[in-house]
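Atoms considered below: every heavy atom in the structure, side chains included; atoms not considered: hydrogens, waters and symmetry mates. Chain letters run A, B, ... following the sequence lines, proteins first and then strands; every chain starts at 1. If you're wondering where the values come from, they're calculated on a predicted model, not measured in any experiment.
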Protein chains: 2
Amino acid sequence: MTNIKKVSELAGVSTATVSRTLKSPSLVTEKTREKVMAAVQRAGYRPNWLASSVKTGRSNSIVVLVPNLVNPFFMRIIEGIEQAAQEQGYSVLLGDTQGKGMRENEYASMVLSNRADGLIQLDHSFPFSENDASLADTIPMVSVCERIPEKRYPYIELDNYAAGRAVMNHLISYGHEHFGFIAGQRSSQIFRDRFAGMKSVMDEEGLAFDDSMLVGESYQIDTGIEGVRALLDNATRPTAICCFNDDIALGTMHEIHRQGLRIPDDISVTGFDNVRVSAYLNPPLTTIDQPAYEMGRRAFNVLVQMIKQEPLKRSREILPFQLVERESSGPAPSHS
Amino acid sequence: MTNIKKVSELAGVSTATVSRTLKSPSLVTEKTREKVMAAVQRAGYRPNWLASSVKTGRSNSIVVLVPNLVNPFFMRIIEGIEQAAQEQGYSVLLGDTQGKGMRENEYASMVLSNRADGLIQLDHSFPFSENDASLADTIPMVSVCERIPEKRYPYIELDNYAAGRAVMNHLISYGHEHFGFIAGQRSSQIFRDRFAGMKSVMDEEGLAFDDSMLVGESYQIDTGIEGVRALLDNATRPTAICCFNDDIALGTMHEIHRQGLRIPDDISVTGFDNVRVSAYLNPPLTTIDQPAYEMGRRAFNVLVQMIKQEPLKRSREILPFQLVERESSGPAPSHS
DNA sequence: CTGTTAGCGCATTCAC
DNA sequence: GTGAATGCGCTAACAG
């Protein structure tokens with residue numbers, strides 16, 4: 001291990017000068033700078049990042065808590081986070097929680113032990129353990145795309161209510177009247193917002209909603225498959241199915257095809273997220289585009305402000321969505 | 001910042017005892033342990049991870065270099081790495097390189113500065129800069145799914161040659177004779193292996209290969225789209241297209257459909273990776289399944305052995321693949 | 001089993 | 001502009 005002392009001896013200066021040369025070169029004469037740099041080069045010296053972090057008390061790392069790594073929507077958010085972090089000299093510690101509370105606790109405690117300076121949560125749960133909760137009040141944390149209930153942490157999200165309305169308006173404009181809904185986690189705020197948005201339009205149009213048309217409990221492909229089976233068992237079949245993310249929509253389309261039905265001729269399908277593959281499905285999926293990359297960037301920027309104790313302009317950022325109309329949705333089939 | 005000293009005063013013991021109680025509880029009396037734990041609780045104390053790492057010299061973190069975060073195949077590998085790391089008390093620093101050499105250099109240098117103990121490379125390039133290369137010889141590094149040429153680092157990969165053969169045998173058994181190939185990065189070893197495997201079977205069967213039937217330069221959806229356009233412009237149209245990953249296959253299928261052709265009736269399509277969505281495409285994709293998750297786990301386990309300076313049994317692990325036959329491939333169309 | 005002591009490698013006072 | 005000295009928070013060696 002070549003350390004700062006060795007370099008200082010090699011250069012014939014003090015350790016302080018070496019440190020200064022590397023951190024704030026302007027404080028040092030050009031001549032000594034050259035001497036030091038030559039010695040650094042010759043010794044193959046790398047400042048020990050751990051040691052300097054102990055001194056400054058900041059790790060320049062953040063933890064990102066993500067329920068899983070298979071949902072490409074999350075990855076796109078993380079890409080944005082990572083990019084912004086990289087630009088500002090921060091590193092990203094990946095915390096794949098698998099949705100398990102204990103894992104969340106472990107990763108969250110990394111901030112408490114100075115291993116990371118802040119935390120971005122992609123799920124809707126409060127990640128700290130009971131025991132840590134009291135310590136957690138002052139630590140920098142941001143949630144993105146979801147929202148942590150009953151807590152005052154900043155969050156970045158979509159106007160999910162308006163997005164829900166957009167989807168429903170779109171389908172109604174095609175003459176649909178019977179809808180199926182396949183949800184993800186129902187405990188989260190985004191479910192409530194999206195669903196409320198959809199229902200508000202139905203109410204305005206005088207369309208009835210039946211509880212049996214709402215199925216699904218998780219954001220997975222299989223949820224779509226099982227959802228279709230349940231929905232098509234109903235007395236009145238839906239002519240349009242609203243899926244609460246693109247993964248569910250993928251399973252939904254797959255199962256509809258398997259049953260020999262056509263999309264959108266027999267049933268229209270819509271999603272949420274506008275994941276990369278959605279544009280290339282057969283047929284391409286109508287969905288709500290979320291600016292995932294940008295959401296990630298924003299989340300990091302807000303987090304960094306908290307870390308640097310800068311005052312936040314606002315603790316809530318709502319980003320614009322866009323309804324992307326593709327071929328998976330179309331006119332309702334005429335009555336037989 | 002509550003530190004170990006405050007806790008020691010609160011508990012009426014020395015700092016060493018506090019440290020011991022937390023790290024190796026068996027070395028202290030039950031009674032003092034209780035005293036200390038009570039004080040820890042009361043002070044809301046968390047050991048400063050940075051400080052203890054400076055002492056031990058190990059960060060218990062590793063860096064994972066990944067060309068991009070949108071390819072779900074990579075994410076599955078990272079999931080395996082992260083899982084294995086978590087089990088052994090390591091954290092994963094995410095290094096999204098975007099395939100850029102400078103980014104690789106930066107992330108790789110984290111190992112040189114004690115920010116991480118080791119490195120897993122998912123791309124095929126040597127990640128260190130010219131300048132760092134000499135220091136890099138002794139650092140723990142593993143590559144997975146790709147292989148770093150001219151270097152002696154361990155790697156985990158598939159028998160890509162055999163997999164290439166399997167794909168070609170499958171298609172030939174369906175009577176295909178005219179093939180198109182849409183490749184990803186041609187500079188990598190896996191391209192050479194897979195392609196050589198395919199070609200070896202063609203040679204054995206006396207089937208000719210024409211350079212114009214090989215197109216594509218990157219592992220992206222668009223590559224598939226452009227690839228199809230190029231291939232279908234040829235004098236003799238292929239009846240089967242071998243894509244070098246599932247993303248390319250996705251674009252390929254999309255463009256074939258857009259041109260009004262049917263899969264597999266007019267053209268068969270095969271992929272590589274068996275990404276999660278591939279099973280749900282319309283039609284489902286025939287592809288080579290790679291045990292990505294397991295590859296990630298293995299890579300981490302090998303890396304940890306290197307970090308701990310344990311001798312490696314072997315520096316090369318070949319994992320089994322599997323040809324997954326789905327509906328995107330079928331009998332060659334009969335001659336018109 | 002516990003306390004004292006001495007660092008880990010570096011950044012930052014304070015003199016000069 | 002530079003050097004000497006101090007300490008970040010913790011762990012490990014040694015004594016007792």
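With sequence neighbours excluded, the residues that form a side-chain contact (heavy atoms from CB on, under 4.5 Å) with Asp96(A) are Leu69(A), Gln98(A), Glu79(B), Glu82(B). For Tyr155(A), the ring-ring contact (aromatic ring centres under 6.0 Å, His included) criterion is met by no residue, not counting sequence neighbours.
Counting non-hydrogen atoms of other residues, nucleotides and ligands closer than 6.0 Å to CD of Glu310(A) gives a total above 12.
Lys35(A) has its NZ atom 15 Å from the P atom of dG1(D), to the nearest Å. Distance, Asn3(B) CG to dT11(D) C1': 14 Å, rounded to whole Å. In this entry the distance linking NZ of Lys55(A) with P of dT6(D) reads 13 Å, nearest Å. Rounded to an integer number of Å, the gap from NZ of Lys31(A) to P of dT2(D) is 10 Å.
Side-chain contact between Ser109(A) and Arg46(B): present, with at least one pair of heavy atoms (C-beta onward) separated by less than 4.5 Å. Looking at heavy atoms from C-beta onward, Asp132(A) lies out of side-chain contact with Asn105(A) at the 4.5 angstrom threshold.
End-to-end axis angle for the helix from dC1(C)-dG16(D) to dC16(C)-dG1(D), using five pairs per end and rounding to 10°, comes out at 30°.
At a threshold of 4.0 angstrom between heavy atoms, the contacts of Thr32(B) are confined to the sugar-phosphate backbone, with no base atom among them. Residue Val13(A) is classed as a sugar-phosphate contact, given heavy-atom separations below 4.0 Å to backbone atoms only.
Between Arg297(A) and Glu87(A), at least one side-chain N (NZ, or NE/NH1/NH2) sits under 4.0 Å from a carboxylate O, which counts as a salt bridge.
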Only pairs under 3.5 Å count here: list side-chain donor-acceptor contacts from residues 4-19 of chain A, not counting sequence neighbours, and write none if there are none.
| unit_1 | atom_1 | unit_2 | atom_2 | d |
| --- | --- | --- | --- | --- |
| Ser8(A) | OG | Lys5(A) | O | 2.6 |
| Ser14(A) | OG | Ala16(A) | N | 3.4 |
| Ser14(A) | OG | Thr17(A) | N | 3.3 |
| Ser14(A) | OG | Thr17(A) | OG1 | 3.2 |

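Taking a heavy-atom distance under 4.0 Å as the criterion, the stretch of DNA chain C touched by chain B extends 5' to 3' from dC1(C) to dC8(C).
In summary, the side chains of Gln189(B) and Glu157(B) do not present any donor paired with an acceptor at a separation below 3.5 Å, with no hydrogens or angles considered. At a cut-off of 3.5 Å, with distance as the only test, no side-chain donor of Arg115(A) or Tyr107(A) sits close to an acceptor on the other residue.
Taking all atoms of both residues into account, the shortest heavy-atom contact from Val304(A) to Gln88(A) is CG1-OE1, 3.8 Å.
Dashed line: the shortest gap from a side-chain N or O of Ser19(B) to OP1 or OP2 of dC10(D) is not under 4.0 Å. For Thr15(B) and dC10(D), the shortest distance from a side-chain N or O to OP1 or OP2 is not below 4.0 Å.
Mapping Arg20(A) and Tyr45(A) onto DNA chain C by nearest heavy atom places Tyr45(A) at the nucleotide closer to the 5' end. The residue among Thr2(A) and Ser14(B) whose nearest nucleotide of DNA chain C lies closer to the 5′ end is Ser14(B).
Closest to the side chain of Thr56(B), out of dA12(D), dC10(D), dG3(D), is dA12(D).
Within residues 21-28 of chain A, the residues that have a heavy atom under 4.0 Å from DNA chain D are, in order of number, Leu27(A), Val28(A).
Between Phe73(A) and Tyr219(A), a ring centre-to-centre spacing not shorter than 6.0 Å is recorded.
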